Amino acid sequence: MDWTRGQTIGHGSSATVSVAKSHWSNENFAVKSVELSKSQLLQNEQKILSELSSPYIVSYKGYDVTKENDKLMYNLMMEYMSDGTLTDEIRKQGGRIKEPLTVYYTKQILQGLEYLHSRGIAHCDIKGQNILVGKTGAKIADFGCAKWVDPADRAEPIGGTPIFMAPEVARGEEQGCPADIWALGCTIIEMATGGSPWTNVTNAASLLYGIAFCGQSPEIPKLLSLQAKDLLRKCLRRDPRDRWTAKELLKHPFLEEYSDFVTSSPTSILDQDIWNSVEESETMDYSIQTVSSMDSSLQRIRKLSLNSGESSWRWDDERWVIVRSSSE
């Protein structure tokens, strides 16, 4: 190996993420690894990530196959972001993120989404856990559910995290770029409240049914400014054809409310001494699940709420569900 594996810094639905160091340059990077025999999703992620180059997308560093503990491992190498995820940042800020910093991160996520969507790629799993934070701000990461969007192909597998799923995704109809905008709206609520975009939910199947068929949308936090609420309404329109695009949202007045701060770094924003004490946030526990294509939307919703017969949706700690559907 031309690099040394360090400590584990994260776990996905199948892969493990570690810090690594190059023997040649002493550069630190992140490596996402899984057994070669189980690496189809990670190989798909590598194919997409290797095509991307944007300051708002985590950088691709390469891939290789190694033998470790008598196992062949497939390794995807990426930029290392030392400050962790946006969800970690929410905790560091005391349970929720105030609006100036929310504006800053939202604008960068939108710039990343505009780049992806212009390339015909939908991320399909936007949420705080998949946004990495560093000295230059926020970058979109984890392309395990991402796909090239082909309007003619409605048989493409659906993946993502149920509580961030748009109505058309929950129904199993389609998962395109508008679904990323819905998930962005949910992520803004996550930043603003420190909790789930859906409150007082104890039953996964009823939640997904409500998203899919009952006209339900996440509640817009009352603590947000009028401009923030307006942007959220444009993200959370139930009809994907009515949702604003990333390009349109980048022109929204909400992103100009704190324009002086938006041009700064996260550290300089925090140095403005504009933060107040915040209440402890509520967190929700979501275990890992896998879904495949269903014959009906109702069957699919039941499948999303189950995990091989185990109690799969617990609500008392800080793990998140990832739902991935492969072609296997």
Side-chain angles (χ1 to χ4, degrees), residues 9-10 12-13 15 17-20 27-33 41-63 74-89 101-149 159-161 164 175-188 190-191 235 244-250 255 262-263 265-266 320 322 324:
I9 55 175
S13 57
V17 183
S18 307
V19 179
E27 176 191 14
N28 287 331
F29 58 91
V31 59
K32 191 173 185 178
S33 304
L41 287 171
L42 194 55
Q43 291 189 47
N44 290 340
E45 182 173 359
Q46 183 273 332
K47 290 176 184 176
I48 290 181
L49 194 58
S50 65
E51 296 285 329
L52 305 177
S53 179
S54 165
Y56 308 106
I57 305 293
V58 67
S59 299
Y60 171 72
K61 300 289 186 181
Y63 77 97
Y74 184 89
N75 306 294
L76 172 60
M77 291 166 277
M78 302 163 289
E79 175 182 10
Y80 174 54
M81 302 284 283
S82 60
D83 291 340
T85 69
L86 185 58
T87 302
D88 296 329
E89 183 67 18
L101 197 54
T102 297
V103 170
Y104 179 81
Y105 290 138
T106 298
K107 186 169 185 177
Q108 292 184 318
I109 297 167
L110 276 169
Q111 287 170 316
L113 287 177
E114 182 189 24
Y115 170 77
L116 289 176
H117 296 170
S118 71
R119 300 288 302 272
I121 296 169
H123 183 275
C124 302
D125 201 16
I126 292 293
K127 60 181 179 180
Q129 287 280 13
N130 289 340
I131 307 298
L132 297 182
V133 178
K135 292 180 180 178
T136 60
K139 298 190 180 190
I140 298 173
D142 196 337
F143 286 78
C145 291
K147 61 185 179 183
W148 281 278
V149 178
T161 302
F164 291 81
Q175 188 172 29
C177 298
D180 285 345
I181 301 301
W182 175 283
L184 171 66
C186 293
T187 303
I188 294 171
E190 184 187 0
M191 284 191 277
C235 291
W244 278 30
T245 65
K247 186 174 183 178
E248 289 172 328
L249 288 168
L250 281 168
L255 300 183
V262 170
T263 58
S265 69
W320 301 83
I322 299 173
R324 303 193 196 279

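In what follows, every heavy atom counts, from backbone to side chain, and hydrogens, waters and symmetry copies are set aside. Predicted, not measured: the structure shown is a model, and the values here were computed from it.
- Here the OG1-CG distance, from Thr161 to Asp125, works out to 3.5 Å after rounding to the nearest 0.5 Å.
- Scanning both residues, Cys145 and Gly159, for their nearest heavy atoms gives SG-C, 4.0 Å.
- Shortest non-hydrogen contact noted between Tyr63 and Leu76 is CB-CA, 4.3 Å.
- Contact detail for Gln108 and Ala138: the closest heavy-atom pair is OE1-N, 2.6 Å.
- Minimum heavy-atom separation, Val133 to Met81: C-CE, 3.7 Å.
- A 4.5 Å side-chain heavy-atom check between Glu190 and Leu86 finds every atom pair outside the cut-off.
- To the nearest 0.5 Å, atom CG of residue Leu116 and atom CD1 of residue Ile57 are 4.0 Å apart.
- Checked options Lys32, Lys139, Lys61; the residue passing with Glu79 is Lys139 (criterion: salt bridge (Lys or Arg N to Asp or Glu O under 4.0 Å)).
- The CD1 atom of Ile188 lies 11.0 Å from the CD1 atom of Ile126; values are rounded to the nearest 0.5 Å.
- Taking the side chain as every heavy atom from C-beta outward, Glu51 and Trp148 approach each other to under 4.5 Å.
- For the residue pair Val149 and Cys177, the shortest heavy atom distance occurs at CG2-SG, 4.3 Å.
- Within the model, atoms CG of Leu255 and OG1 of Thr106 stand 7.0 Å from one another, a figure rounded to the nearest 0.5 Å.
- With 3.5 Å as the limit, one finds a donor-acceptor pair spanning the side chains of Tyr60 and Gln46.
- Taking all atoms of both residues into account, the shortest heavy-atom contact from Cys235 to Gly185 is CB-CA, 3.9 Å.
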